[in-house]
Amino acid sequence: MSKHFFELSEFRERQRRVRKVMQARGLDVLLVINPVNIMYLTGAAAKAYQVFQCLFFTTEEKPTTLMLRLGDVAEMIDHSICDEVRGWGGRKFEDPTVVMKDILAKKDLLTARIGLEMPSYYLSAHNYLKIVAALSDAKVSDETYLIERLKFVKSPAELAYIRQAAEIADIGMNTIGAGLKLGATEREVAAAAHGAMMAAGGDSPASPMNFVSGERTCYAHGLPSDRALKEGDFIHVEFGGQYRRYCSTIARHFNMGEPSRRALEVHKATYDASIAAMNKMRPGVRAEDVHKEAVAVLRDAGFEQYNLHTTGYGIAPGFPPAWGESINMFYGSEDILEENMVLSVEPPVFIHAERIGGRLIDCVIVKKDGAEILSRYSADLRIIG
């Protein structure tokens, strides 16, 4: 990601909307730690998400300060709209939470009303406890989802990047289909797909490819292995195309030669459940109700007990280890679909006892007249040979 990927006006509008919510909640500053949200507001997308980084985003339009590891400062000066970039560590040991406290002190914010993001992957428990101690004189609130909920609905520019990501995913799946041969290993086929997607302009994926064949198809998230493809193997492959950090996911089924009766049943059930879910998706529809539509199909097919996963979730710009947003289509969800949300649709069947399973995935844009499927690669079971 870079400040050059969007018009400055788009960044300014994002910042305006965030500040409006901050003002309504009585916040003076938001400590933004999730790299997706830092990128969303400033264009900064450093490969520093595995260590502590923080954007100090104030309600007033004071200088916006980003702190991150010293080695990434130059890149963020060039590729973000941050007013100040402060590095820590590198030449010597520095505790980043001490640097954070120092920045807040210089901005006279140690006794302010502070919103704190606490993202699952990017803030360690160790650093969290030190931050809590450092902010003991401030009024701190949990604002982990403040920015995320504002960006569930994608802008036209974001949708253009997501469509490009879907085209890259299709290139990957076409490469998978071309590489499926008896004796080839899962790892060999997956490697060719990764190469093709990067050659087409794709980014490094935010989440690993799932590639399982034969008896391994009962695994929901099996990584490519050295297993060689055999006659009769049922196969499911899942991955995401990624372009400028924006993602579109896809999963498809293949069979080496004639499929078994059970493979056909698994494919049909997951295909029909996906179609039922997508047919339900409209602005104003409850996410839980989309899930219920998919599960009803699986129930009728005798597979409800093997539905071990959400029917789908929001797809965001992605940083390892994930590309998902917190909106989910499952039981108990209180989310409501809105126009121009982007979600995956993926009701699965995984039967460990029978060593078989499958999952079709399509990313869709929620439109007024229904769900727009982004991938052009057929969701039919493809028979190889």
Side-chain angles (χ1 to χ4, degrees), residues 1-8 10-12 14-15 18 29-58 62-104 107 115-124 126-128 130-131 143-144 146-148 151 157-158 161 165 198 201-208 240 242-247 315-325:
M1 181 57 66
S2 165
K3 66 183 181 183
H4 306 294
F5 293 166
F6 293 97
E7 296 291 335
L8 180 60
E10 177 143 352
F11 286 116
R12 294 305 185 207
R14 295 171 181 179
Q15 294 183 358
V18 171
V29 62
L30 181 63
L31 302 183
V32 186
I33 294 174
N34 189 325
V36 176
N37 296 339
I38 293 173
M39 180 184 71
Y40 183 76
L41 289 178
T42 69
K47 186 182 171 290
Y49 45 80
Q50 71 270 37
V51 294
F52 186 81
Q53 59 180 345
C54 179
L55 176 71
F56 301 78
F57 190 74
T58 54
K62 297 177 182 179
T64 300
T65 302
L66 174 65
M67 63 161 284
L68 74 170
R69 64 183 178 185
L70 185 62
D72 294 317
V73 168
E75 183 181 1
M76 293 306 99
I77 289 173
D78 288 349
H79 292 283
S80 80
I81 64 168
C82 295
D83 300 302
E84 302 171 341
V85 183
R86 166 76 184 273
W88 62 266
R91 303 184 190 95
K92 61 180 181 179
F93 171 77
E94 276 189 298
D95 185 329
T97 63
V98 173
V99 176
M100 180 208 74
K101 184 176 181 179
D102 180 61
I103 292 171
L104 287 170
K107 291 177 177 288
L116 175 63
E117 285 191 347
M118 295 176 276
S120 300
Y121 304 127
Y122 310 110
L123 179 61
S124 70
H126 185 63
N127 281 336
Y128 167 75
K130 290 192 288 185
I131 289 171
E143 303 296 346
T144 303
L146 188 156
I147 296 174
E148 184 189 22
K151 63 184 182 58
E158 290 178 296
Y161 288 158
M198 293 200 77
D203 297 335
S204 296
S207 182
Q242 189 155 312
Y243 181 73
R244 294 183 171 178
R245 292 284 181 184
Y246 283 83
C247 303
I315 299 295
F319 282 78
W323 47 51
E325 295 176 322

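Numbers here simply count residues along the sequence, with the first being 1.
Taking 4.5 Å as the limit, some side-chain heavy atom of Arg12 sits within range of a side-chain heavy atom of Ile81. Within the 4.5 Å cutoff, the side chain of Val29 has no heavy atoms near those of the Lys107 side chain. Looking only at side-chain heavy atoms (C-beta outward), Arg245 and Met39 come within less than 4.5 Å of each other. Under the 4.5 Å side-chain criterion, counting only non-hydrogen atoms from C-beta, Pro35 is in contact with Tyr122. Under the 4.5 Å side-chain criterion, counting only non-hydrogen atoms from C-beta, Asn34 is not in contact with Ile147. For the pair Val98 and Asp102, the minimum side-chain heavy-atom distance is 4.5 Å or more. Using a 4.5 Å heavy-atom threshold, the side chains of Arg69 and Gln53 count as separate. Considering only heavy atoms from C-beta on, Glu325 comes within 4.5 Å of Lys151 through its side chain.
Of all heavy-atom pairs spanning Ala206 and Gly318, the tightest one is CB-C, 3.6 Å. Pairing each heavy atom of Leu68 with each of Val73, the nearest pair is CD2-CG2, 4.3 Å. Between Leu66 and Ala44 the shortest heavy-atom distance is CD2-CB, 3.8 Å. Scanning both residues, Pro317 and Val36, for their nearest heavy atoms gives O-CG2, 3.5 Å. Nearest heavy atoms, Gly240 versus Trp323: N-CH2, 3.4 Å. The shortest heavy-atom contact between Cys247 and Ala165 is C-CB, 3.9 Å.
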Q: Could you please spell out the steps behind the side-chain contact (heavy atoms from CB on, under 4.5 Å) verdict for Tyr49 and Ile38?
A: CA-CA 10 Å; Tyr49 45 80; Ile38 293 173; over 6 Å; no

**Q.** Full working for side-chain contact (heavy atoms from CB on, under 4.5 Å) between Tyr40 and Glu148
**A.** CA-CA 9 Å; Tyr40 183 76; Glu148 184 189 22; over 6 Å; no

Q.
Quick one, Leu31 with Leu104, criterion side-chain contact (heavy atoms from CB on, under 4.5 Å). Give me CA distance, side-chain angles, the key distance, then yes/no.
A. CA-CA 10 Å; Leu31 302 183; Leu104 287 170; 4.1 Å; yes

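One finds no salt bridge joining Glu75 and Lys47 here, because no Lys/Arg side-chain nitrogen approaches an Asp/Glu carboxylate oxygen to under 4.0 Å.
In this structure, the separation between OG1 on Thr144 and CD1 on Ile33 is 8.5 Å, given to the nearest 0.5 Å. Summarising the geometry, atom OG1 belonging to Thr58 is positioned 9.5 Å from atom CD belonging to Gln15; distances are rounded to the nearest 0.5 Å. Taking CD1 of Ile77 as the start and CG of Asp83 as the end, the distance is 12.0 Å to the nearest 0.5 Å. In this structure, Ile131 CD1 and Leu123 CG are separated by 5.0 Å, a value rounded to the nearest 0.5 Å. Summarising the geometry, atom OG belonging to Ser204 is positioned 12.0 Å from atom CZ belonging to Phe319; distances are rounded to the nearest 0.5 Å. Residue Met76 holds its CE atom at 10.5 Å from NZ of Lys3, rounded to the nearest 0.5 Å.
Under the 6.0 Å cut-off for aromatic ring centres, Phe5 and Tyr243 do not qualify, their centroids lying 6.0 Å or more apart.
Both tests pass for Arg14 against the ring of Phe11: distance under 6.0 Å to the centre and angle within 45° of the axis.
The environment of Glu84 atom CD is dense: over 12 non-hydrogen atoms of other residues, nucleotides or ligands sit within 6.0 angstrom.
Using cut-offs of 30° and 60° on the angle between ring planes, the pair Tyr246 and Tyr161 is tilted.
The residue from Met67, Lys130, Lys101 that alone fulfils the side chain to side chain contact (heavy atoms under 4.5 Å, CB included) condition with Pro96 is Met67.
Take Phe56 and apply the ring pair (Phe, Tyr, Trp, His ring centres under 6.0 Å) test, not counting sequence neighbours, and it matches no residue.
Side-chain atoms of Asn37 and Glu117 form a donor-acceptor pair, as typed in the model, at a separation below 3.5 Å.
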